[in-house]
Structures are given as structure tokens and as C-alpha cells.
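Here's the structure, in C-alpha cells; my notes come after.
Proteins come first, then strands; the chains are lettered A, B, ... in the order of their sequence lines, and each starts at number 1.
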Number of protein chains: 2
Amino acid sequence: MAATILLVEDEAGIQELVKFNLTQAGHAVLCADSAEQALAIVRDVLPDLVLLDWMLPGMSGIELARLFRADARLKSVPIIMLTARGDERDKVLGLETGADDYITKPFSPRELSARIKAVLRRRAPQMTEDKVEVRGLSLDPVSHRVTGNGTPLELGPTEFRLLHFMMTHPERVYSRAQLLDQVWGDHVFVEERTVDVHIRRLRLALEVTQHDNLIDTVRGAGYRLSSQI
Amino acid sequence: MAATILLVEDEAGIQELVKFNLTQAGHAVLCADSAEQALAIVRDVLPDLVLLDWMLPGMSGIELARLFRADARLKSVPIIMLTARGDERDKVLGLETGADDYITKPFSPRELSARIKAVLRRRAPQMTEDKVEVRGLSLDPVSHRVTGNGTPLELGPTEFRLLHFMMTHPERVYSRAQLLDQVWGDHVFVEERTVDVHIRRLRLALEVTQHDNLIDTVRGAGYRLSSQI
DNA sequence: TGCGTTTGTCACGAATTTGTCACATCTTCG
DNA sequence: CGAAGATGTGACAAATTCGTGACAAACGCA
């Protein structure tokens, strides 16, 4: 799982700390103090993953992420953003911009490592006809059946699609707007809070087999299906 | 086991030979000299199976196969590739064309017939004449009889075909549109809700032996024959 | 041709799903 | 603590989907 990671962080202390941890974990680390410097590095080396501080002097992290997403060569490089605590508006904005995950400072090396591992492991899973299974909860798109530890579970059409999407994209936070796009369809006129209601209905349906705790609420960001415990 | 087969082969001699054999076996044969002609034919008639020469003038067989696989209406039509030599067979296998089987020229009528039967059995079981049985409900395509736990059941022609298709594809949800294509046939102009009516008539007929609960309604998706309890 | 059967459509009501709101609860932070 | 913001929850009406009975056209057969 050794990867080349680009770290963009202006605070020297944090940069050193993170670099040390990542190097210990066997990754090759490239450091940049600013967005501009990151762009220069990226011209020569294509990283496997980008750790990006959202607050940077000069060009902000958001703008840099936008540039990355617009570039064909960098489009598919996962981005994890580093945010200050409670910076909730930025969380949503970041996810919308195309960040794959976020992590709030201060964070433990353990947490950072886990996130990186998760993001790297998840390439671009599609919603296929394949059966999906997460911690005893299984969903079969072909027969349209959902079972928790073998027990059949009843859920409505929307809840089914929602669960299918989340199970094929685990360990990733999706904002309400993103879920509306992916599950309801693009350009639909629906209140964002409607997602909450369907998440609740989904949890209610999964409660039968205690699988409702698979769905995490990520305050300020959205929802996530966690395959871990 | 009479099927409509599209044969795409540019060598006139082989085309005649194969056509003769297939016709003898009771199949209806459509012939095309080129991929382009095949596309024209397919616009009007949906074949049950395609026999496709690998090497064709103009668009190659592989390209044609890819086109078929990309088309929603043709996606599920089985394809058997005809190759000249064994090593070509390997090449074709290497390219992911989505062909269901391969047969190397020259081949005996016996071998061709066997391959066709095998592919149809796998991809379109309702074309075969095998007796089907699900949870005490049995259907015999040959004698055209249906019995529930031994008791003879009466159903109309359409209900019979519908039940046959569903029993040969259990644990799979089909939308009304898919059922119309598969049971009524391609290019038919029938209201989707008509399927509901026939499902009801089928359920009514199966009610005699309590087998009506085999057919599940999957709200927002379609219908499913459940082999489970 | 006449009669019984099959088939496709429709209209209506029942059942379910869906989106929204109001209010409760919880978290964060001054 | 208390305000502000975010999420959970129960209720509800509109919308959608499905089941069902009726009916006329099409069909098959003697």
C-alpha cells in the first residue's frame, strides 16, 4: 500500500509531523507550502493521493482542488482535505468540489493512516449488477433483495437505490446534494432535507437486523456507509 | 428448440452450408454477408442468437459484437463467434468482446448444433424444451402442461409463456418492458399495464394450488418469481 | 357463420411511496 | 448556560403504483 503522496500544508510544524508519519508508514511524501508550489511539483510527478490543507496563503485549497479536477491528468487523483474543526460550510463545499474525504485537525496518525488506506483502496466502484455485501448486509440488484444476516429486509424503491449506491461506495462521505444527484438523478428539484428523511427510513428498515448503525451521520458534511466497526 | 438465428458470414459456401444445417434443425435463419447488412436486419427482427464470423470485409465481427453489446435491445442476445483457426480463437478470447462461445472452422453440423443448444440453454432457457420445476410447480414445454403438486392447472397461451419465462429465470426482477420484449416479442405495441393483467390471470390460475405467491410484485421495479420461501 | 375463448385496454379504488413541514433533540461554541 | 445551527422524528397530503373487474375486439374452431 506504499503510495506517492503530495502534502500541501503551510504550517511547518504540521507539515513535518504528517510527513514523518506518512514516511514511517512507507509512503513517499512530496511537500508543498502553497498551492503554487504544489502545481509546480505536480507538473513533474503524478501523486497517487493529495493531502490538501483547505486554508492556504495565496491560492486556497478549494481553488487548487478545482484546478486538479479540471485537469485530465489529475482528475482521478483522490484528494483528502484537512480542515479546522467546525469549519462546516467548508466541508460541504469541499465535497462538492471533488474532495474524496476530509479530516479535521488535530488528527491522530492512526486516523490519517486509516483514511488514506480507505481512499486508496476505493478506486471508482460502479453501480453494477453484482451482489454487494457489507458486514452481513447483502443487496442483490438482480433479484432486488436485501437481507441482513439472512433475514429478508423490506425497503421502498428509493431506500433501495440509496442503499445500493452507498454500499457500492462505502467509506466515503456524500453531501446531501451529491446523494440527490446520484440516487434521485441529476437536476431534480427536491429539498436537501428530504435526504435525511430517506436516510431515516433506510435506518428504520435496517434496524431489524441491527444494520442501521452502518450508516454514519457526518455532521456538517453528509452521510457515509462505514464498512468498519 | 426452434430459434431465429442471424448468420453473419461473407464466404458464400460456408453461409449456404450452415444455413442448410440450421434450417434442417428447425431454426429460422437470417443471413448477412457483412456487419452492415447484419445491422440492417437487426433493426427489424430481433434474433434469438447470432452466429458471427470473426473476419468480415468492412466492419469486423468483433466490432459488430461490441456494437451489439452496447445496444440495450441487443445486449442479451447470445453471440457465437466463428474463427478460422485455433490460434485465432485464443486471440478472440483475449479481446473482451462479450461473445458467449467460439467455434473453430471447419466444424461438424453436430458440433454446431450442440454449441447452439448449450448457449441457448445458458442464455435463453425459455427457448429450450426442458421441463421446469419450482417449489412443487412444474411446467412441461413439450406437453404444454402445468401442474401444481400434481394437480393439473389451466392457463391460457400467454400466461403459459409468461410462466415459462419466469420459471426459467427465477430470482430475477423483470420490468414490464422487459417482460413484453421477452414474452410478447420484440416490436410489439402493447400497453405496459397489460402485463399486470396477465400477471393477475396467472396468479388466479396458480391460486388453485397456492402457487400464486411464487410471483412477487417488486414495487417500482417489476415482477419476480421467487424460488425461495 | 356462430360461439366460446383469449387478449388488450380502460377506469376506479386500494395500497404504497414520496416530499415537505413542524417540532424535538443534539452539537458546537461564545 | 444559552443561542445558533444541524440532524432526528412523527405526521400528513399529494403523487405514484398496483390490483381488479368489466368490456369489446380479435381469435380459433366447428
Side-chain angles (χ1 to χ4, degrees), chain A residues 83-96 102 104-106 144 146 153-164 173-181 183-185 187-207 212-225, chain B residues 144 146 153-165 173-181 183-185 187-207 212-224:
Chain A
T83 71
R85 200 150 63 103
D87 222 348
E88 308 209 322
R89 224 168 315 166
D90 283 350
K91 286 184 192 173
V92 175
L93 193 54
L95 290 172
E96 302 297 326
Y102 75 92
T104 49
K105 294 189 277 192
H144 223 269
V146 179
L153 299 174
E154 297 292 328
L155 39 157
T158 306
E159 283 74 55
F160 185 88
R161 290 199 310 276
L162 182 58
L163 180 61
H164 189 196
V173 187
Y174 287 95
S175 69
R176 292 168 175 75
Q178 284 177 313
L179 288 174
L180 282 178
D181 279 354
V183 178
W184 273 254
H187 313 304
V188 280
F189 173 62
V190 175
E191 278 296 322
E192 287 208 344
R193 291 298 311 277
T194 298
V195 174
D196 296 31
V197 179
H198 282 277
I199 286 283
R200 173 164 179 279
R201 286 168 180 162
L202 182 52
R203 280 172 170 156
L204 234 50
L206 301 183
E207 209 171 43
D212 52 313
N213 50 35
L214 274 177
I215 299 169
D216 294 346
T217 301
V218 183
R219 191 162 238 273
Y223 295 97
R224 168 180 52 203
L225 187 135
Chain B
H144 220 263
V146 180
L153 298 174
E154 296 295 325
L155 41 158
T158 306
E159 283 74 55
F160 184 86
R161 289 201 310 277
L162 181 57
L163 180 61
H164 189 195
F165 178 78
V173 177
Y174 287 96
S175 68
R176 291 167 175 76
Q178 286 176 311
L179 288 174
L180 282 178
D181 278 354
V183 178
W184 274 254
H187 283 212
V188 281
F189 174 63
V190 176
E191 279 296 321
E192 288 208 344
R193 292 296 311 275
T194 298
V195 175
D196 296 31
V197 180
H198 283 276
I199 286 284
R200 174 166 177 278
R201 288 168 180 160
L202 182 52
R203 279 172 171 159
L204 236 49
L206 301 182
E207 210 171 41
D212 54 313
N213 50 35
L214 274 178
I215 299 169
D216 294 345
T217 301
V218 183
R219 222 153 211 282
Y223 295 98
R224 167 187 58 202

Going 5' to 3' through nucleotides 4-10 of chain C and flagging B where a protein heavy-atom sits under 4.0 Å of the base, S where only the sugar-phosphate is that close, and - otherwise, we get --SBBBB
Quick one: closest heavy-atom pair of [X] and [Y], and the distance?
X	Y	result
A:Ala221	A:Val173	CB-CG1, 3.7 Å
A:Leu180	A:Glu191	CD1-O, 4.1 Å
A:Leu155	A:Ala205	CB-CB, 4.2 Å

Nearest whole Å is fine: how far is [N] [atom2] from [X] [atom1]?
X	N	atom1	atom2	value
B:Glu207	D:dG19	CD	P	13 Å
A:His144	C:dT17	NE2	P	12 Å
B:Arg224	D:dC18	CZ	C1'	16 Å
A:Arg176	D:dG5	CZ	C1'	12 Å
A:Leu162	C:dT18	CG	P	11 Å
A:Asp196	C:dC21	CG	P	13 Å

In degrees, rounded to 10°, what is the bend between the two ends of the helix from C:dT1-D:dA30 to C:dG30-D:dC1, using five pairs at each?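 The helix from C:dT1-D:dA30 to C:dG30-D:dC1 shows an end-to-end axis angle of 30°.
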Test ring pair (Phe, Tyr, Trp, His ring centres under 6.0 Å) applied to B:His198 - qualifying residues, sequence neighbours left out: B:Trp184
Set of residues satisfying ring pair (Phe, Tyr, Trp, His ring centres under 6.0 Å) with respect to B:Phe165, sequence neighbours excluded: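 Once residues adjacent in sequence are excluded, the partners of B:Phe165 under the ring pair (Phe, Tyr, Trp, His ring centres under 6.0 Å) criterion are B:His169, B:Tyr174.
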Distance from [X] atom [atom1] to [Y] atom [atom2], nearest 0.5 Å?
X	Y	atom1	atom2	result
B:Tyr223	B:Leu162	OH	CG	10.0 Å
A:Leu202	A:Thr158	CG	OG1	10.5 Å
A:His144	A:His164	NE2	NE2	9.5 Å
B:Asn213	B:Leu206	CG	CG	9.0 Å

Would you say D:dG8 has OP1 or OP2 under 4.0 Å from some side-chain N or O of A:Thr217? yes
A:Tyr223 side chain near D:dA6 phosphate (N/O to OP1/OP2, under 4.0 Å): no
Checking B:Glu207 now: which residues fulfil side-chain contact (heavy atoms from CB on, under 4.5 Å) with it, not counting sequence neighbours? B:Leu204, B:Asp212
My understanding is that only residues two or more places apart in sequence, or in another chain, count here; which of them pass side-chain hydrogen bond (donor to acceptor under 3.5 Å, both in side chains) with [X]?
X	answer
B:Arg224	B:Asp216
B:Arg219	none
A:Arg200	none

Pull out every protein N or O sitting under 3.5 Å from an N or O of nucleotides 24-27 of chain C, one pair per line with the distance.
none

Does A:Asp196 have any salt bridge (charged side-chain N to carboxylate O under 4.0 Å, His left out) partners at least two apart in sequence or in another chain, and if so, which?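 Counting only residues at least two positions away or on another chain, A:Asp196 forms a salt bridge (charged side-chain N to carboxylate O under 4.0 Å, His left out) with A:Arg176, A:Arg193.
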5' precedence on DNA chain D between A:Leu204 and B:Val218 (nearest-nucleotide basis): A:Leu204
Interface polar pairs with nucleotides 25-30 of chain D, N/O, under 3.5 angstrom:
none

Need one value for B:Phe160: base, sugar-phosphate or nothing, where a base atom within 4.0 Å counts as base even if backbone is also close, heavy atoms only.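 Result for B:Phe160 = nothing.
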